Structure formats: structure tokens, C-alpha cells
Amino acid sequence: MTPEELQGIILGLDSELSLREASSVLMIKVPASSLMKIMVSLKEDPRFAFDQLQYHTALDWPAEDRIECLYHFCSTQFHHELMISVSLPRTNPVLPSVSHLWPIAEWQEREVYDMFGVIYENHPDLRRILLDDDWKGFPLRKDYKDEFMLERPW
Amino acid sequence: MVKTLEDRINPSSTNDSVLSTQEYFVNMGPQHPSTHGVLRLVLKLDGETVREVIPVLGYIHRGMEKKAETIGYRQQIHLTDRLDYLCSVMNNWVSAEVVEKAAKIESNERIQTIRTIVAELQRIQSHLLWWGVFGMDLGAFTPFLYGFRDREKITKIFEDTIGARLTMNYIQPGGLMYDIHPDFVKDVKSFLTYIKPLFAEYDGLVTGNIIIQERLRNVGIMDAKTAIALGTTGPVLRASGVAHDLRKIKPYGVYSKVDFAIPIGTVGDCWDRYAVRMLEMRESVKIVEQLIDNVPEGKHLTMKAGAKIRPPAGVYYEEMETARGIFGVMINSDGTEKPSRVYYRTPNFHNIWSITKISPGGRIGDLVAIMSSLDIVVPDMDR
């Protein structure tokens with residue numbers, strides 16, 4: 001499917017979905033409440049057949065007080081790709097885990113928890129992945145500070 | 001809800017009332033020769049049978065993504081050398097290409113052809129190193145010497161053109177750091193004539209060896225569906241029978257102009273992963289052969305080396321097929337000279353997770369073979 005066709009079909013799934021502008025890959029904004037429903041249809045619907053979760057990461061927008069979680073899917077059958085964007089509040093961000101749909105998400109969600117502090121509900125093994133278990137704070141947030149960081153004069 | 005490693009290996013789950021052999025945890029790594037660096041695997045063992053594998057990452061985590069936020073679009077390319085150091089040029093290429101696409105920097109046919117040639121040479125070089133180390137992990141020392149001997153020939157070619165042997169930092173937005181060495185074409189051609197008969201020698205030395213075959217066949221089987229679900233890419237995915245290669249699916253560089261095949265496996269065991277890489281080297285030789293005679297004329301850099309790069313605000317993503325799988329770079333630009341967020345989608349971070357699913361039930365010796373057949377590079381996982 002071309003990105004335009006894909007966009008048409010996906011936006012038709014639910015009236016709450018909208019296009020996320022300024023992205024080189026087709027990206028759809030999904031409210032956190034209807035994320036699970038959309039994810040199931042992306043996986044199960046034979047028109048999409050998104051069987052591979054390419055990566056899952058997040059962006060921090062402190063000025064707008066939100067963390068934007070990004071999922072990038074591709075289909076090994078049709079070779080089309082799609083990104084899903086979910087915005088969460090910066091304080092206490094919670095998302096349902098999609099690891100029962102795409103097992104690799106278990107691994108990727110641990111990284112997003114480690115770096116951004118997003119808590120995943122029903123995650124089988126939510127632990128820090130790259131940092132120590134007793135690490136304080138979430139380093140990829142824009143306001144992260146610790147005593148090892150140096151101020152750059154330039 | 002958030003757990004620690006200690007909770008994870010807490011023996012509270014073992015039921016003492018059931019008569020069973022004792023299960024215990026053993027650390028494999030972080031300092032273990034067959035973990036290829038500083039990967040730590042916590043193994044739950046029952047005798048010599050592996051019951052559970054818990055990979056513990058982060059021993060070489062350098063905070064590259066955070067670091068990339070404080071430096072410019074051109075500088076972050078240096079960091080990608082240090083991810084998968086055996087695919088440094090391919091990593092450079094992705095991170096340069098995403099900046100080129102974002103800031104609409106043009107390149108020309110000469111640049112793309114040289115990039116493709118260097119990337120394919122590096123694929124051969126990377127697979128040669130893997131082949132040597134694979135033999136060593138299985139207890140055969142000779143392939144290591146052969147692999148390094150022949151890898152050195154490519155390293156010499158790179159040294160002449162690029163000036164570095166490992167962290168190349170060769171490709172930058174808008175072109176290449178240096179034009180190719182005057183002897184480059186001659187050297188590459190003599191390398192190709194040198195390496196072609198050697199593949200048969202490798203096969204005679206290792207591939208046909210009955211001990212190697214016994215160690216690899218039907219070990220660590222991953223069928224196509226599992227391989228996709230576990231997020232593997234590259235030769236690991238193709239060994240499971242999925243012909244997913246970005247060089248064919250969405251050709252970049254000049255791959256659309258060359259003729260090559262994608263070797264795929266059938267069973268998805270260690271043997272298939274071995275065979276796929278051995279065949280891939282031959283295909284890479286084919287690609288370089290088709291390109292090396294007609295490198296187009298032109299400039300090697302289309303923009304000034306010091307020119308400011310300010311992509312318009314937005315999210316950009318680019319991915320390519322490196323020797324280990326799909327390496328992708330996602331950049332979120334806020335319109336300034338520094339990226340607001342850089343994410344490196346590294347192949348090894350995703351490939352290593354499959355070890356937790358395919359190795360339980362086997363022996364420790366099989367685990368080493370599986371790990372080696374996944375061709376892991378630890379700095380690429382930890383970033």
C-alpha cells in the first residue's frame with residue numbers, strides 16, 4: 001500500500017485519529033485511551049499485517065509538558081511502514097504494554113522506561129535495561145541533571 | 001511494578017516440595033571471551049542444560065543519544081563509528097543520509113557509487129571477522145588466522161583511502177570525507193581476484209567439516225514467524241527464510257543498478273545463519289565487481305565542509321542494511337543546528353533478545369554457538 005492509501009484506511013478506523021505533521025514516515029496520532037484497540041487492528045487486520053515492530057522510542061517536549069511515544073511498524077509481507085505517536089503527561093506517564101502483540105516490545109519498552117520513565121502496564125519484566133537498577137532519574141528527559149554532567153561554556 | 005535484577009533471579013519461585021535437580025544461576029560475562037565484549041548473561045542452569053537466559057546490558061553504555069543532542073548534525077556521525085565498529089562506514093552512511101534527506105542536501109552519482117562500494121567491502125570485511133571469531137568460539141583456531149589475514153587486505157585499502165582502520169568516519173552529509181585514493185580501483189580489483197578462490201578454501205576448511213556441522217545443525221532454531229516477532233533483522237532474519245533485505249526492498253545508493261541475490265535459509269538454525277553469511281560475502285563481491293569499473297566522474301563533496309546544517313523542524317528516519325541487520329537513525333529536529341533528539345535503531349540491540357527465546361533447553365556449548373551465530377557486537381547494543 002502507498003502511504004496515502006494507508007493513511008486513508010487508518011484514519012477511517014477511528015474518528016479520534018489524526019495525522020502527525022512533519023514526519024518523513026507516515027505518522028498517526030493516537031490518544032492513549034484508544035491505543036490498544038488500534039494496535040490490535042494494526043497487527044490482526046490482513047490489510048495492514050504489521051508484523052514487525054521496528055523500534056519504539058520517545059521524544060520529550062518539556063514546554064508542552066508531554067512525552068511523545070513513537071512506534072515504528074513495518075510489514076515484512078507488504079513492505080509498507082507506519083509510525084504511531086502517543087502523547088502522555090510528563091508526570092506519571094503510563095501506557096499499556098504491547099508485548100503480547102509484538103514480543104520484541106518487551107525489550108524496547110524497557111529501554112523507554114529506562115530513559116524516559118514511561119511505566120508500562122502488564123509488562124512481564126519491567127526493569128531498567130542499560131542503566132543500573134538503582135539509578136535515579138531518566139536521562140533522556142530534557143531536564144535531567146546529575147553531578148557528572150558538565151556545563152558547556154559554548 | 002518496576003523490578004530489579006535481584007527480584008528477577010530471586011529463588012522464591014522454586015518449589016522445594018517437588019523433587020527435582022538443583023537449579024542455579026551462573027554469570028556468563030561481562031568478561032568472557034565468547035561474549036565478544038562486555039555482555040553479561042545470567043544463566044539459569046540445570047546441570048549443563050540452560051533453563052533461562054537473562055541478558056544484562058549496559059556495561060559499555062556511553063549515553064550516545066544524549067551526547068548527540070549537545071553536538072551538531074555533522075558531529076553526531078562520529079558517534080556512529082563507535083556503535084557497530086565493524087560496520088562503521090555503513091553507520092556513517094545512514095546518519096549522513098538522514099541529515100541529507102532532512103536538510104535537502106544533494107549528492108551525486110560518484111558519491112553514491114563510492115559509498116556503495118565501500119559499504120560492500122566492509123560487509124565482506126565484517127563477515128570475514130565474524131567467520132574467524134565464529135570458528136574460535138566453536139573451538140577451531142585456524143579460521144581466525146585466515147579471517148584476519150584476508151580482512152587485513154580490505155583494511156589496507158580503507159587505510160589508503162580513508163586513513164583509518166576501524167572508526168572510519170568516512171561519509172558525511174553531502175559527500176565523502178576524502179576522494180578515493182588513486183590506487184583504489186586497482187587495489188580493489190586485485191583484492192577481488194584474490195578473495196574469490198578463497199571462498200572455496202573457507203568451505204573446505206570449515207563449512208564441510210563434520211564437527212562444525214554437528215555443532216550447528218538444528219541448534220537454536222528460529223522459524224520465520226518467531227524471527228519476525230522477536231524483532232531480528234539482517235542475516236539472522238534471512239536465515240529463517242524471510243527475504244527481507246532493504247537493499248532490494250527500498251534500494252538506496254546504487255543498489256538498484258546492480259544485480260545480486262539475497263541468500264535465505266530454510267530452517268533458521270545456527271547452520272543457516274552461518275551459510276547465509278558465507279553466501280552474502282560472495283554476493284558482495286559480485287556487487288563490487290559490477291561497480292568498480294565505472295565509478296562516475298564528479299566531485300566527492302557537494303557542499304562546503306563547514307557549512308551550517310539546519311533541517312526544518314520535524315521527525316526524520318532513515319534505515320539501511322548493515323552487515324548485522326537494519327541500522328536506522330531517527331532525528332527530531334527543532335530547526336536549530338543541533339538535533340533535539342537522535343535515536344539509533346541498532347541491529348544488535350534487537351537481535352540479542354532472541355537468545356532468551358531460542359537457547360533455553362539447549363546446552364551451554366550450544367548457547368555459545370547461538371550467540372556467535374547472531375554475530376553480536378556489544379557497543380552496538382549498549383550505545
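Letters A, B, ... mirror the listed sequences (proteins, then strands); counts begin at 1. Quantities reported herein were computed from a predicted structural model and do not represent experimental measurements.
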Under 4.5 Å from a heavy atom of chain B, the part of A:Gln77 involved: neither
A:Asp60 vs A:Arg90, side chain to side chain contact (heavy atoms under 4.5 Å, CB included): CA-CA, chis, key distance, verdict: CA-CA 8 Å; A:Asp60 189 16; A:Arg90 285 183 97 239; 2.8 Å; yes
Aromatic ring pairing A:Phe78/A:His80, orientation class (parallel under 30°, perpendicular over 60°, tilted between): tilted
Part of B:Ile54 within contact of chain A (heavy atom distance under 4.5 Å): side chain
Axial cation check for A:Tyr113 ring with A:Arg128, 6.0 Å and 45° limits: yes
Part of B:Asp382 within contact of chain A (heavy atom distance under 4.5 Å): both
Region of B:Ala229 that comes under 4.5 Å of a non-hydrogen atom in chain A: both
Toward chain B, the part of A:Trp135 with a non-hydrogen atom under 4.5 Å: neither
A:Phe73 and A:Tyr71 aromatic ring geometry - parallel, tilted or perpendicular at 30°/60° bounds: parallel
Residues of residues 24-39 of chain A contacting chain B, heavy-atom criterion under 4.5 Å, by residue number: A:Ser24, A:Val25, A:Met27
Which portion of B:Thr226 sits near chain A, non-hydrogen atoms under 4.5 angstrom: neither
Distance-only polar pair, side chains of B:Ser95 and B:Tyr344, donor-acceptor under 3.5 Å: no
Chain B contact via A:Asp125 - which portion, at a heavy-atom distance below 4.5 Å: both
Option in B:Glu65, B:Arg383, B:His350 with maximal non-hydrogen atom pairs under 4.5 Å from chain A: B:His350
Donor-acceptor pair, side chain of B:Arg62 and main chain of B:Pro379, under 3.5 angstrom: yes
Contact leader toward chain B among A:Glu106, A:Met83, A:Arg20, where contacts are heavy-atom pairs under 4.5 Å: A:Glu106
Residue B:Lys250 versus chain A: region with a heavy atom under 4.5 Å: side chain
Side chain to side chain contact (heavy atoms under 4.5 Å, CB included) evaluation trace for A:Gln52 with B:Thr233: CA-CA 10 Å; A:Gln52 201 171 33; B:Thr233 50; 3.8 Å; yes
Chain A contact via B:Phe349 - which portion, at a heavy-atom distance below 4.5 Å: both
No-hydrogen, no-angle side-chain donor-acceptor test under 3.5 Å, A:Glu81 and A:His72: yes
Whether over 12 other heavy atoms sit under 6.0 Å from B:Glu106 CD: no
Contact class of A:Glu111 relative to chain B, heavy atoms under 4.5 angstrom: side chain
B:Asp334 side chain to B:Thr336 side chain, donor-acceptor N/O pair below 3.5 angstrom: yes
Approximate separation, where rounding is to 0.5 Å, of A:Trp107 CH2 and B:Thr356 OG1: 7.0 Å
B:Ile249 portion near chain A, given a 4.5 angstrom heavy-atom threshold: side chain
Those residues of residues 316-328 of chain B, ordered by number, that approach chain A below 4.5 Å (heavy atom to heavy atom): B:Tyr316, B:Tyr317, B:Glu319, B:Ile326
Residue A:Leu101 versus chain B: region with a heavy atom under 4.5 Å: neither
B:Thr232 side chain vs B:Ala227 backbone, donor-acceptor pair below 3.5 Å: yes
Side chain / backbone / both / neither for B:Ile331 at chain A, heavy atoms under 4.5 Å: neither
Pair A:Glu68, A:Ser85: side-chain N/O donor-acceptor within cut-off below 3.5 Å: yes
Selection from A:Pro103, A:Ala22, A:Ala105 maximising heavy-atom pairs under 4.5 Å formed with chain B: A:Pro103
Check: B:Lys338 main-chain N/O paired with B:Gln76 side-chain donor or acceptor under 3.5 Å: no
For A:Gly117 against A:Pro93, the heavy-atom pair lying closest together: O-CG, 3.7 Å
Student check: side-chain heavy atoms of B:Pro347 and B:Asp380 closer than 4.5 Å: yes
Region of A:Ile129 that comes under 4.5 Å of a non-hydrogen atom in chain B: both
Under 3.5 Å: donor-acceptor pair, side chain of B:Arg40, backbone of B:Leu57: no
Inter-residue atom distance A:Cys74.SG - A:Asp51.CG, 0.5 Å rounding: 7.0 Å
Interchain contact, A:Pro139 with chain B, by part (heavy-atom threshold 4.5 Å): backbone
